[in-house]
Amino acid sequence: QRHIVRLLSCPGTVAEDLRRDEQPSGSVETGFEDKIPRKRFSEMQNERREQAQRTVLIHCPEKISENKFLKYLSQHGPINNHFFYESFGLYAVVEFCRKESVGSLQNGTQTPNMAMETAIPFRSRFLSLKLKNQTSKQSCIQSSNQLPPSNRKLFELLCYAESIDDQLNTLLKEFQLTEENTKLRYLTCSLIEDIAAAYFPDCVVRPFGSSVNTFGKLGCDLDMFLDLDETRNLSTHKTSGNFLMEFQKILSVIGECLDHFGPGCVGVQKILNARCPLVRFSHQASGFQCDLTTNNKIALTSSELLYIYGALDSRVRALVFGIRCWARAHSLTSSIPGAWITNFSLTMMVIFFLQRRSPPILPTLDSLKTLADAEDKCIIEGNNCTFVHDLNRIKPSGNTETLELLLKEFFEYFGNFGREQNKPDSSPLYIQNPFETSLNISKNVSQSQLQKFVDLAQESAWILQQEDAHRPSVSSNQPWGLAAVLLPSVPNRGSLTKKKRKRSANERVKNLLESLKSNRTANFTETNEK
Ligand code: CTP
Ligand code: MG
């Protein structure tokens with residue numbers, strides 16, 4: 001069996017896509033159009049980074065008067081915005097209008113003891129507020145939610161939706177990173193950068209991966225990239241052969257530093273022997289599980305590519321979120337590394353699928369390369385990473401297929417996957433890394449995990465076909481459409497024939513319906529990321 005996914009080119013679609021010059025005949029209305037970012041990735045990253053540098057993180061006492069708190073902080077300058085959230089205590093994220101206000105606040109406060117006792121020359125923007133005279137009034141502070149919806153809530157929302165399109169858009173709205181969560185991610189990187197800068201002045205810590213590529217679900221990890229290029233020109237050493245050791249040493253130093261002096265950094269693990277060495281830790285105050293790497297510019301570039309794909313058409317993210325939740329619900333993905341498919345691979349599969357629609361919903365990477373100008377040219381470690389960065393230069397798709405159709409066809413496509421092309425190696429699933437084209441991003445996936453994916457895709461396609469016949473009337477609390485395919489499967493499906501499988505799926509759905517009717521929605525598997 002041959003399973004291969006390549007974003008570069010699909011014969012016949014590239015030229016077609018580029019030649020089309022009429023205006024889009026009407027993108028599907030979802031109500032989310034206004035949220036689609038049209039900014040360049042670098043522009044968005046720079047703005048967020050600058051915003052984070054004007055921001056402080058404050059651990060607050062449980063009982064606090066919001067007004068007094070803001071009045072106190074305003075002494076240091078006007079506040080642009082703020083929010084509170086809970087993560088083993090109450091925290092406030094406060095963004096000043098001016099960067100100087102942060103310095104002024106730091107001058108007037110005591111930094112946490114740990115940092116004070118050390119010789120590391122950094123002043124943290126992670127502060128702790130102690131009240132001199134406790135306010136007796138009960139605080140009624142509104143906390144911003146940083147977690148995905150409970151399964152119960154999601155289930156209810158999906159059941160009351162009006163169509164499968166509506167369900168997918170609802171799921172997207174519930175799971176996508178909020179403005180506050182995104183701010184907190186950039187702030188966390190910025191706080192880590194302060195620490196790293198004690199050793200590597202002018203280094204930059206940038207978020208990459210799902211935190212920034214528009215495909216992140218609430219609760220997803222925070223991938224950080226320590227960019228040293230601005231300080232010392234490491235890229236010149238890269239050909240010397242010793243660069244891997246150099247990066248390992250750098251990460252080792254940062255790991256030690258975070259472990260001993262990083263405010264709120266716990267469980268620091270150095271994973272230096274991996275292909276891409278990293279330091280993993282949990283940032284307690286923000287609640288994020290963080291992976292810090294260096295020498296990972298290509299991953300930042302692939303995050304930008306995904307950002308572009310996510311911004312081009314409102315259906316892309318809705319479908320990716322649907323598939324990610326589906327995979328999580330059926331334990332096709334896991335927070336533990338192993339032989340399973342990753343979210344990154346799943347996203348590539350959806351993009352690949354959308355490139356192959358007729359007319360295509362997404363352009364191929366080759367066509368994005370063709371649209372690039374001199375400014376877009378980019379070679380990283382000998383890999384051609386050139387593609388257009390200006391979103392406005394990419395023509396929207398004229399394809400008007402509904403999300404419902406796309407979801408069904410996705411399952412059908414991958415349920416019958418693997419009868420086609422030649423794979424470069426013997427891995428069960430081959431998903432070509434878009435920029436390091438000799439790398440397979442799903443090399444880890446075992447034959448049995450792939451089979452599980454294909455079987456579940458078939459089964460879900462079948463469930464959705466049956467759905468057509470009995471979609472319940474509005475206001476039903478029965479799982480239908482997306483809710484039905486998110487339900488857990490029975491084990492040992494693998495040995496059943498297709499017909500039997502269909503029958504057993506049918507029975508399973510019936511049983512689940514029964515159990516759900518009797519209010520046992522707990523059967524709905526864990527879809528939360530971590
Ligand atoms: N990456 C890669 N090749 C891989 C794995 C990861 O290039 N085999 C890059 C991708 O740019 C990916 C990023 O590293 O987006 C972060 O990887 P990971 O955290 O595994 O994936 P995310 O896309 O962040 O998804 P998740 O929400 O599951 O964290
Ligand atoms: Mg990630």
Side-chain angles (χ1 to χ4, degrees), residues 5-7 41 45 146-148 172 175-177 181-182 185-186 188-189 205-227 271 274-283 286-310 316-317 320-329 331-351 365 380-381 383 385 387 425 427 429-445 526-530:
V5 171
R6 266 201 187 100
L7 298 190
F41 184 74
Q45 281 233 319
Q146 308 299 320
L147 295 169
L172 171 63
F175 277 93
Q176 69 185 349
L177 303 184
N181 195 267
T182 303
R185 285 172 190 268
Y186 277 88
T188 306
C189 286
V205 173
R206 301 179 201 280
F208 72 100
S210 59
S211 300
V212 297
N213 66 17
T214 72
F215 296 108
K217 272 161 58 181
L218 282 172
C220 71
D221 70 355
L222 173 54
D223 303 293
M224 303 175 176
F225 161 57
L226 174 71
D227 193 350
I271 306 167
R275 193 188 68 80
C276 188
L278 66 107
V279 173
R280 178 165 289 170
F281 60 96
S282 136
H283 190 258
S286 63
F288 295 133
Q289 178 71 33
C290 305
D291 276 353
L292 178 70
T293 58
T294 186
N295 181 35
N296 211 359
K297 249 203 164 116
I298 296 195
L300 191 67
T301 307
S302 57
S303 301
E304 170 160 15
L305 179 68
L306 294 193
Y307 170 90
I308 289 178
Y309 279 132
V316 182
R317 296 175 62 231
V320 169
F321 274 71
I323 298 300
R324 282 187 172 203
C325 285
W326 168 80
R328 190 71 188 94
S331 306
L332 284 169
T333 51
S334 164
S335 54
I336 311 155
W340 17 87
I341 293 177
T342 61
N343 281 326
F344 182 52
S345 297
L346 285 172
T347 308
M348 291 296 194
M349 289 165 115
V350 176
I351 292 171
L365 179 52
I380 302 170
E381 289 167 40
N383 298 293
C385 300
F387 59 89
D425 70 16
S427 320
L429 178 64
Y430 196 100
I431 302 180
Q432 189 183 51
N433 183 305
F435 301 115
E436 288 171 281
T437 52
S438 62
L439 295 181
N440 172 9
I441 65 163
S442 55
K443 206 183 168 78
N444 62 312
V445 177
E526 191 58 52
T527 50
N528 296 357
E529 229 8 44
K530 266 147 211 175

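Read the numbers this way: they start at 1 and go in the same order the structure lists the ligands and their atoms.
Close approach of ligand 1 to Phe208 is summarised as follows: ligand atoms under 4.0 Å from at least one heavy atom of the residue are 13 (C), 14 (O), 16 (C). In the vicinity of Asn343, heavy-atom distances shorter than 4.0 Å reach the ligand 1 atoms 25 (O), 26 (P), 27 (O), 28 (O). Applying the 4.0 Å criterion to heavy atoms of Cys220 picks out, from ligand 1, the atoms 27 (O). Every atom of ligand 1 is numbered from 1 in the order shown, and the set under 4.0 Å from a heavy atom of Arg324 is 25 (O), 27 (O).
Aromatic ring pairs are classed by plane angle as parallel below 30°, tilted from 30° to 60° and perpendicular above 60°; the pair Phe435 and Phe387 is parallel.
The N, O or S atom of Asp221 with the smallest distance to the Mg ion (ligand 2) is OD1. Within Asp223, the N/O/S atom positioned nearest the Mg ion (ligand 2) carries the name OD2.
Proximity of Met349 to Leu429: side-chain heavy atoms (C-beta onward) are separated by under 4.5 Å at one or more points. With contacts defined as side-chain heavy-atom distances shorter than 4.5 Å, the pair Arg185/Ser286 does not qualify. For the pair Ile341/Leu332, no side-chain contact is recorded, criterion being any heavy-atom separation below 4.5 Å from C-beta on.
For the side-chain contact (heavy atoms from CB on, under 4.5 Å) criterion with Phe41, the lone passing option out of Val212, Thr214, Ile308 is Val212.
Two rings, from Phe321 and Phe175, have their centers 6.0 Å or more apart.
Heavy atoms of Glu436 found under 4.0 angstrom from ligand 1: none, in either backbone or side chain. The proximity of Ser302 to ligand 1, defined as any non-hydrogen pair under 4.0 Å, is limited to the side chain.
Here atom 8 (N) of ligand 1 lies nearest to Ile441 when heavy atoms of Ile441, Asn440, Thr333 are compared.
Under the 4.0 angstrom criterion for non-hydrogen atoms, Thr342 is not in contact with ligand 1.
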Exercise. Does the pair His283 and Leu222 meet the rule for a side chain to side chain contact (heavy atoms under 4.5 Å, CB included), with working shown?
Worked result: CA-CA 10 Å; His283 190 258; Leu222 173 54; over 6 Å; no
